[in-house]
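What follows is a single structure, written as structure tokens, with notes after it.
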Amino acid sequence: MHLRSDLNPPSVPPPHSTARLDERPGLPLCYAVLMSQPNSNPDPAPPSGEAPKVVMTSLERLRHSTAHVLATAVTTLWPDAQLAAGPPVEQGFYYDMQLAHRITPEDFPKIEAEMAKVIAAKQPFVRKVVSRDEAMALGNAGRLGSQTDRAEASKFKLDILNRIAPDAVISLYQNGEFIDLCEGVHVSDTSKIGAFKLTHLSSSYYLGDEKNPQLQRVYGTAFASKKQLDEHFAALEEAKRRDHRKLGAELHLFQVDARVGSGLPVLLPKGAIIRRELERMIEEKLFDFGYHPVYSPHIGSVDLYRTSGHYPFYAESMYDTLKIEEREFLLKPMNCPMHIQAYASELRSYRDLPQRYAEFGTVYRKEQSGELNGLVRVRGFTQDDGHIFCTPEQLEDEFRGCLRMIQEVMNLFGFNTKCRISLRDKVKEGKYVGSDEDWARAESVIRKVVEDLKLEHTVGLGEAAFYGPKLDFMAYDCLNRSWQIATIQVDFGLPQRFELEYTGSDGAKHTPVMIHRAVFGSIERFMGLVIEHFAGSFPVWLAPEQVRVMTITEEQIPYAEALMAELKKLRVRAKLESGRDKIGAKIRDAQLDKVPYMVVIGAKEAEADKVALRSRKAGDEGTLPRTDFLARLAEEIRTRAL
RNA sequence: GCCGGAUUAGCUCAGCGGUAGAGCAACGGUUUCGUAAACCGUAGGUCGCGGGUUCGAAUCCCGCAUCCGGCUCCA
């Protein structure tokens, strides 16, 4: 399980529901597009013949058209290019293509110059509805996604054509000599594209399938005006400033060092404080919600995971087994089988249920090197994992309890998470275990609770765990990439596989139901997202250094030290700065270290038993009695105020 | 893992075929000062690692490592 939160700087467009896409993941993307999108309301498509059905915002439309302009430029420069898909995406657009020339960033000016010509030519986008046969004929002549007939057929376009529903309307869009198989929608002509820029390159697999050919993907972005384009890049720069990897180094929170290993972060003292505070907060919630803490080891018999089904389901992302006296052990990839053993440690009666177990369980997974990312995607991480064993009758209430706990925690941070019901995709045979009835029962509980609470959500087909459906919560990083954080998973399967039982009021043996749940998901990931959410300016309860006391001259050191002693008694993390720097310099240092409260002690304060308070947020707050300050501070920490 | 890019002092970066540079930080000294930078000085780098080309490589070429952006994966 993995999760993200809403940390967007105001200037970056907020994430947006991807419900349409999620609901129909089987669709071959492109042909047209359908994706998420920034801004506002969809504009109606311009009327032209049989109007396209695609719904797009004006910005998406502009970007989709820019993707066609990119394709036009590319096919001018490299007529052999085979185009695949070119949709708008959250930050701009891309076009996937296959061509002999390897495009590099050095090619961008050349391509952009060619695009500028197309835009200057004011080429109209002309929509034409054609029969399947007409489209096939053009594809076979290499004419789709190109400017001329070619020796080689338009292979990807033909493939897409074959995937389009038999009764679908097939449309082409043409600008200049460039014709593309495309569902629409487009701006009226290329001159409507105000400002654009190619941004980066990557590769992609055709239709997103690893088994398909690898394509070159060119990304760009476009806006109606140069001003908006500039603002977009300025906002991106701003967003990068809150990158947890950058802040992690600047604020000495953590380090990922090759000498330890990729994806294996070491939390430095200041980062460790944040993690401890997060854990303490969760521990209080666990107590409130009636959980029993348990502890389990870092390795366990591979048989445990054979029984659960994790092995060999995920064998390729587990580390190799360790052999100890002829028995095989796994570096723990999941905590649940161990918690299951805790449940099975004694006979259970229905009177004992629900049993709720929780642990900060560290697990290790062989993540692909290209996926590693600071604290948010690592190879060893700690789940704030919990497992609830209950009767089927208790399931719904327990599920609600999990949801409430997640909401309480998210509210503490002001996180704005997105919620997704993750279901299995029945097409993917062999990816799941358990009976259809159990899957249906589990899904209905999730849907019922989500609907009762009117929780805004999307549906992710194929996102379920192999043993059951789940409700996942996503948060967003500084670049608006989504990460899974909290999750609640309903599982009828594992209790059966492990033959768990409880004695019912009827005296007969029954199988309990399990809920797997996590609030942070991965503590490391959550920390990374918290860092970005607050841009390193943590609320007092989380701040590694909560108060910095600074003196104007040496005269005030005794008073300042007495204050430090009091702070220590209150378990406030404070540091005394009594050096010979000017107060301006001391304040600047504290401000750069993002210390929430700065206390300035000069002769006047020492004399009157007061403190001159400066907050990171509001600046100089004037003087107040020492005791008032201490009371305010303690209260803010106790309530975990934002 | 795949495609592309990057890697120069603790940090941010300049240098791009001819003896390694700046600012900040660090360290030493001077300054006792009221809300975001006092002054002077010192030290600090086998230019990611390994090979190659060259009279000569931080600069060019080839491998590898790590990081960054995507892709794929994500119990």
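Within every chain, numbering begins at 1; the chains are lettered A, B, ... in the order of the sequence lines, protein sequences first and strands thereafter. Quick caveat: nothing in here was measured; it's all calculated off a predicted structure.
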Using a cutoff of under 3.5 Å, can you pull out all pairs of nitrogen or oxygen atoms linking the protein to nucleotides 23-31 of chain B, with atom names and distances?
unit_1 : atom_1 : unit_2    : atom_2 : d
U31(B) : O4     : Arg580(A) : NE     : 2.7
U31(B) : O4     : Arg580(A) : NH1    : 2.9

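- Taking the C1' atoms as reference points, C2(B) lies 24 Å from C61(B), given to the whole Å.
- Between the base of A75(B) and the side chain of Ser308(A) there is no donor-acceptor pair shorter than 3.5 Å.
- A37(B) sits 15 Å from U31(B) when the C1' atoms are compared, rounded to a whole Å.
- Among the atoms of the strands shown, base atoms are found under 4.0 Å from some heavy atom of Glu605(A).
- Nucleic acid contact for Gln368(A): base, since at least one base atom lies under 4.0 Å from a heavy atom of the residue.
- Between the P atoms of G5(B) and G45(B), the separation comes to 32 Å (whole Å).
- Under the 30°/60° scheme for interplanar angles, the aromatic rings of Trp78(A) and His101(A) are found to lie parallel.
- Ile583(A) comes within 4.0 angstrom of sugar-phosphate atoms only, judged by non-hydrogen atoms across all strands, and of no base.
- Applying the side-chain hydrogen bond (donor to acceptor under 3.5 Å, both in side chains) rule to Asp609(A) yields the partners Tyr559(A), Arg626(A); only residues at least two apart in sequence or on another chain are considered.
- Partners of Asp209(A) according to the salt bridge (Lys or Arg N to Asp or Glu O under 4.0 Å) rule, which considers only residues two or more places apart in sequence or in another chain, are Lys211(A).
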Using a 4.0 Å heavy-atom cut-off, write out nucleotides 59-69 of chain B from 5' to 3' as B (base contacted by protein), S (sugar-phosphate only) or - (no contact). -------SSSB

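- At the heavy-atom level, Lys586(A) lies nowhere under 4.0 Å from the strands shown.
- Residue contacts shown for Tyr314(A) include a base, since a base heavy atom lies under 4.0 Å away.
- Using a 4.0 Å heavy-atom cutoff across all strands shown, Ala603(A) reaches at least one base atom of the nucleic acid.
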Side-chain atoms of residues 581-589 of chain A: list all donor-acceptor pairs with protein atoms under 3.5 Å, sequence neighbours left out, distances to 0.1 Å.
unit_1    : atom_1 : unit_2    : atom_2 : d
Lys586(A) : NZ     : Thr551(A) : O      : 2.7
Lys586(A) : NZ     : Gly579(A) : O      : 2.9

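- Legend: residues meeting salt bridge (Lys or Arg N to Asp or Glu O under 4.0 Å) with Arg614(A), ordered by chain and number and at least two apart, are absent.
- Taking atom P in both G21(B) and U42(B), one finds a spacing of 15 Å when rounded to whole Å.
- Looking at Asp425(A) and Lys431(A), no side-chain N of the basic residue comes within less than 4.0 Å of a carboxylate O on the acidic one, giving no salt bridge.
- For Lys240(A), the salt bridge (Lys or Arg N to Asp or Glu O under 4.0 Å) criterion is met by Glu237(A), not counting sequence neighbours.
- The listed nucleotides are A38(B), A75(B), G1(B); the one nearest the side chain of Met318(A) is A75(B).
- Every residue meeting the side-chain hydrogen bond (donor to acceptor under 3.5 Å, both in side chains) condition with Tyr597(A), not counting sequence neighbours, appears here in chain and number order: Arg632(A), Glu636(A).
- The salt bridge (Lys or Arg N to Asp or Glu O under 4.0 Å) test applied to Lys155(A) returns Glu152(A), not counting sequence neighbours.
- A heavy atom lying under 4.0 Å from RNA chain B marks the following residues of residues 606-623 of chain A, by number: Ala612(A), Arg614(A), Asp620(A).
- Contacts of Tyr205(A) with the nucleic acid, taken as non-hydrogen atoms under 4.0 Å apart, include base atoms.
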Check residues 309-317 of chain A and write down every donor-acceptor pair under 3.5 Å in which the side-chain atom is one partner and the other belongs to a residue at least two apart or another chain.
unit_1    : atom_1 : unit_2    : atom_2 : d
His310(A) : ND1    : Ser308(A) : OG     : 2.7
Ser317(A) : OG     : Tyr314(A) : O      : 3.3

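- Taking the side-chain hydrogen bond (donor to acceptor under 3.5 Å, both in side chains) definition, one finds that Gln216(A) meets it with nothing, sequence neighbours left out.
- Checked by distance alone, Arg377(A) brings a side-chain donor or acceptor within 3.5 Å of a matching partner on the base of C73(B).
- A salt bridge links Glu238(A) with Arg241(A): the closest approach of a Lys/Arg side-chain nitrogen to an acidic carboxylate oxygen falls below 4.0 angstrom.
- Taking atom P in both A14(B) and U7(B), the straight-line distance is 9 Å, to the nearest Å.
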